[in-house]
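Residue numbers start from 1 in every chain, and the chains themselves are labelled A, B, ... in the order their sequence lines are given, proteins ahead of strands.
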There are 2 protein chains.
Amino acid sequence: MARGRNSGKATITDVAAVAGVSVAAVSKVVNGKGGISEPTRQRVLEAAAKLQWSPSAAAVALRGARTRTLGMVVGRTADLLTADPHFAVFISGIESQLSPLGYGLLLHIVGEEPEAELRAYRRLAEERRVDGVILTESRIGDTRFDLMRRLRLPALLVGTPWQDDPIPQVQAAGQDTGLREAVDHLVELGHRRIAYVSGPEDRVHTTFRRQVIESRLAGHGLRPSHVVVADFTAQDAADAVGNLVEPAAQRPTAIVFGNDTMAVAGVSAARRLGLEVPRDLSVIGYDDLPLGEIVHPRLTTVNQDVEQLGRAGAAALLALLGEAGVSDVAPPRPPSLVVRESTGPAPRG
Amino acid sequence: MARGRNSGKATITDVAAVAGVSVAAVSKVVNGKGGISEPTRQRVLEAAAKLQWSPSAAAVALRGARTRTLGMVVGRTADLLTADPHFAVFISGIESQLSPLGYGLLLHIVGEEPEAELRAYRRLAEERRVDGVILTESRIGDTRFDLMRRLRLPALLVGTPWQDDPIPQVQAAGQDTGLREAVDHLVELGHRRIAYVSGPEDRVHTTFRRQVIESRLAGHGLRPSHVVVADFTAQDAADAVGNLVEPAAQRPTAIVFGNDTMAVAGVSAARRLGLEVPRDLSVIGYDDLPLGEIVHPRLTTVNQDVEQLGRAGAAALLALLGEAGVSDVAPPRPPSLVVRESTGPAPRG
DNA sequence: CTGAAAGCGCTAACAA
DNA sequence: TTGTTAGCGCTTTCAG
């Protein structure tokens, strides 16, 4: 009577039969509802184990309208994905919160076109595949927050929203800490001509970072000697360095880059131009990729605890969804400067 | 009469009502079954669009026992994930096959312990959350293939299985091509003392690669001057270089590393020891990370089309699941050597 | 060509 | 404490 035709997959009915109880009893046991005697509980548990049964996710979802799945849509091409390995770590932070609660993460990687991204969210919502989504990297004029509201899809942003959008969000306190430390560090080393090579300014955080640099520099009575907006690629970084180097008299003695990849590419470019880092030029990155530790000179950069950001984001979204038993997650600490070998005293003259 | 109480989400009944047809008709339309007149079809489509309705994934899954979701379990710590950005690209290759067919990818990142990994698969199967799973990186003594069979969970391996396990699989032809080219390249440059720094030999591919190196070297009448098994970390690579360097007379003139991260770390270590690459020492990596292009000297390495591997794996699994309309995917091309600046003529003497 | 109705596996009233 | 039962939204015979 147990199992049978159903392609070998046990159902709650099979378990109930084996345990000699009703399906309701089984349901109550697996869901930890009360009103079940201990012996019965045991019998059910044994039967379930014997049949290797867990409640069907589809049936639970259909019944309760909760899928116990969170969604994430990543709008990036393969290239950018390789260049920025943070994303995998971010996800592993999310996972650490989800799996103890039996949640899964549905991931969509859709490439750059914003419409593809929006379409992915729309489908997630319409097909009711997820209970909520985690958003990252808000862009200038980001339309996702509005879309989520229209879709009535619970959403949480990790990072800084565009225009103070009231979307539920999580971010580290003191976002500006790392870059302020970076500027201070350079100024203390005697640098006065400091350039900044930014990533594309369509991201909220990119603009924010430039403003932090400028304002902190202003606090020291300085202005950035140059601000270059590049495309987060190595080639752009190399070009930027090429342009900044002439004329020598105006040459910045330090360059802060928008990410580590550009910074390392910048160091290489400088070397090709005959400049030695940090003797002739100091360089600071952002992200603190492992890469920074293995290059020579080791890279001074700004560290963020990306995994913790993922943990905190997932926990907050889960709480938003009314999930009980979400573990307490420490708030992400502010980004901070990691001083290594690519920064040194400003060259004299 | 349309929508209502149901928290604003339309159902097939709402659509049927708006279109003035039966739910069966709506179902047939969205599933492209025949037997529906064109005018009716139009009315249904309009109603669905108006209500922003798509079939509920849960209901479809419950009804048809297909979830239209594939699963993937990654057993890696955050550290390793950052160090090897390939994983994200692999996923984006998978996605490119899934999304046109309306499939999703459920991802679990579980950390190193094998049992956690197995548990994740087990849950995926028991809860029937996915129709199949994609496996990668088989290990020596890998128990996952057996587990998948026991679980009756359709699975496909991307890569080389352990002990010719007959699990459905996809891999590039000519796995050994890249490393054979690497050895030939070094030999042509006059190198005779060639060392190999391997990753941990619990992975099938790691052992395979060492064997390729050794056999190709043997083809030239050589043996690897040293074989070091490291842990894929930068520190290990640096240590390895430190050890290989003395005594100078026995020093290898070229080192092949198991991945780019170790190779770059090796270059930095060599430099700290006063060796210049490639003048005093040639270095070859494996993976062709973007990293290799931005360091100085730019890294000679072996390239694999990881995105294509993802595409091919997903397509094959989908086909295995009997999914119609899987697009034809070109088989992944063999890994191949990319010669850049970190290799040069063997030093004389 | 179209519609009525039977479940898919589960949870939550409600009864016993 | 335990069992019975009505759906959740959908697909699929089977009649009309």
Side-chain angles (χ1 to χ4, degrees), chain A residues 2-44 47-48 51-68 102 125-129 131, chain B residues 2-44 47-48 51-68 102 125-129 131:
Chain A
R3 326 250 227 139
R5 43 198 167 124
N6 193 29
S7 77
K9 302 286 191 178
T11 73
I12 194 173
T13 314
D14 302 323
V15 175
V18 169
V21 298
S22 73
V23 293
V26 177
S27 175
K28 281 170 191 151
V29 169
V30 296
N31 292 297
K33 309 287 185 192
I36 297 287
S37 70
E38 190 53 27
T40 305
R41 218 179 74 85
Q42 286 307 329
R43 288 223 309 291
V44 168
L51 264 34
Q52 307 224 83
W53 173 85
S54 295
S56 146
V60 173
L62 181 54
R63 181 60 237 253
R66 318 293 263 26
T67 60
R68 299 198 151 247
E126 285 183 5
E127 299 182 358
R128 263 136 298 169
R129 268 178 181 270
D131 295 336
Chain B
R3 326 250 224 137
R5 25 165 207 146
N6 193 30
S7 76
K9 302 286 192 178
T11 75
I12 194 174
T13 312
D14 301 323
V15 175
V18 169
V21 298
S22 72
V23 293
V26 176
S27 175
K28 281 169 191 153
V29 169
V30 295
N31 291 299
K33 309 287 186 192
I36 295 288
S37 70
E38 190 52 28
T40 305
R41 221 179 73 85
Q42 286 308 329
R43 288 222 310 289
V44 168
L51 264 36
Q52 308 226 76
W53 174 84
S54 295
S56 145
V60 172
L62 181 54
R63 181 59 236 246
R66 320 286 272 22
T67 60
R68 300 198 152 249
E126 287 183 4
E127 299 182 356
R128 264 137 298 170
R129 269 180 180 268
D131 296 334

Checking all strands, does A:L62 fall into the base, sugar-phosphate, or nothing category for heavy-atom contacts under 4.0 angstrom?
base
Any side-chain N or O of A:T40 below 4.0 angstrom from OP1/OP2 of D:dT2?
yes
Length of the NZ-C1' vector between A:K33 and D:dT1, whole Å:
17 Å
Rounded distance in Å - CZ (A:R43) to C1' (D:dG3)
14 Å
If you look at every heavy atom in B:A19 and B:R43, which pair is closest and at what distance?
O-NE, 3.1 Å
Whole Å only: how far is the CG atom of A:N31 from the P atom of C:dA13?
13 Å
Work out which heavy atom in A:W53 is nearest to a heavy atom in A:I12; give both atom names and the distance.
NE1-N, 3.4 Å
The answer to which of A:G35 and B:A59 contacts DNA chain D further toward the 5' end, by nearest nucleotide, is A:G35
Looking at the side chain of A:I12, which of C:dG9, D:dC10, D:dT2 is the nearest nucleotide?
C:dG9
Both A:T13 and B:I36 contact DNA chain C. Taking the nearest nucleotide for each, which residue is further toward the 5' end?
B:I36
Would you kindly give the CZ-to-P distance between A:R41 and D:dT1, to the nearest whole Å?
13 Å
Euclidean distance, B:E127 CD relative to B:T67 OG1, rounded to 0.5 Å
12.0 Å
Identify the heavy atoms of B:T40 and B:V21 that sit nearest to each other, and give their distance.
CG2-CG1, 3.8 Å
Separation of A:L51 atom CG from C:dC10 atom P, in whole Å?
11 Å
Gap between atoms CD and P, on B:E38 and C:dT2 respectively (whole Å):
11 Å
Is A:V26 touching bases, backbone alone, or none of the nucleic acid, heavy atoms closer than 4.0 Å?
nothing
By the 4.0 Å heavy-atom rule, please label B:G64 as base, sugar-phosphate, or nothing.
nothing
By salt bridge (Lys or Arg N to Asp or Glu O under 4.0 Å), B:R68 pairs with (sequence neighbours left out) B:E323
What's the closest nucleotide to the B:S37 side chain, out of D:dT2, C:dC8, C:dT2?
C:dT2
Rounded to whole angstroms, how far apart are NZ on B:K9 and P on D:dG9?
12 Å
Nearest-angstrom distance from the residue atom CD of B:E127 to P of C:dC8:
21 Å
Give me the distances for all protein-to-nucleotides 4-7 of chain C N/O pairs that come in under 3.5 Å?
| residue | atom | partner | partner atom | Å |
| --- | --- | --- | --- | --- |
| C:dG7 | N2 | B:R63 | NH1 | 3.1 |

Salt bridge (charged side-chain N to carboxylate O under 4.0 Å, His left out): which pairs involve residues 22-39 of chain B, sequence neighbours left out?
B:E38-B:R41
Check for a donor-acceptor pair, side chain of A:R128 on one end and backbone N or O of B:S54 on the other, with a separation under 3.5 Å.
yes
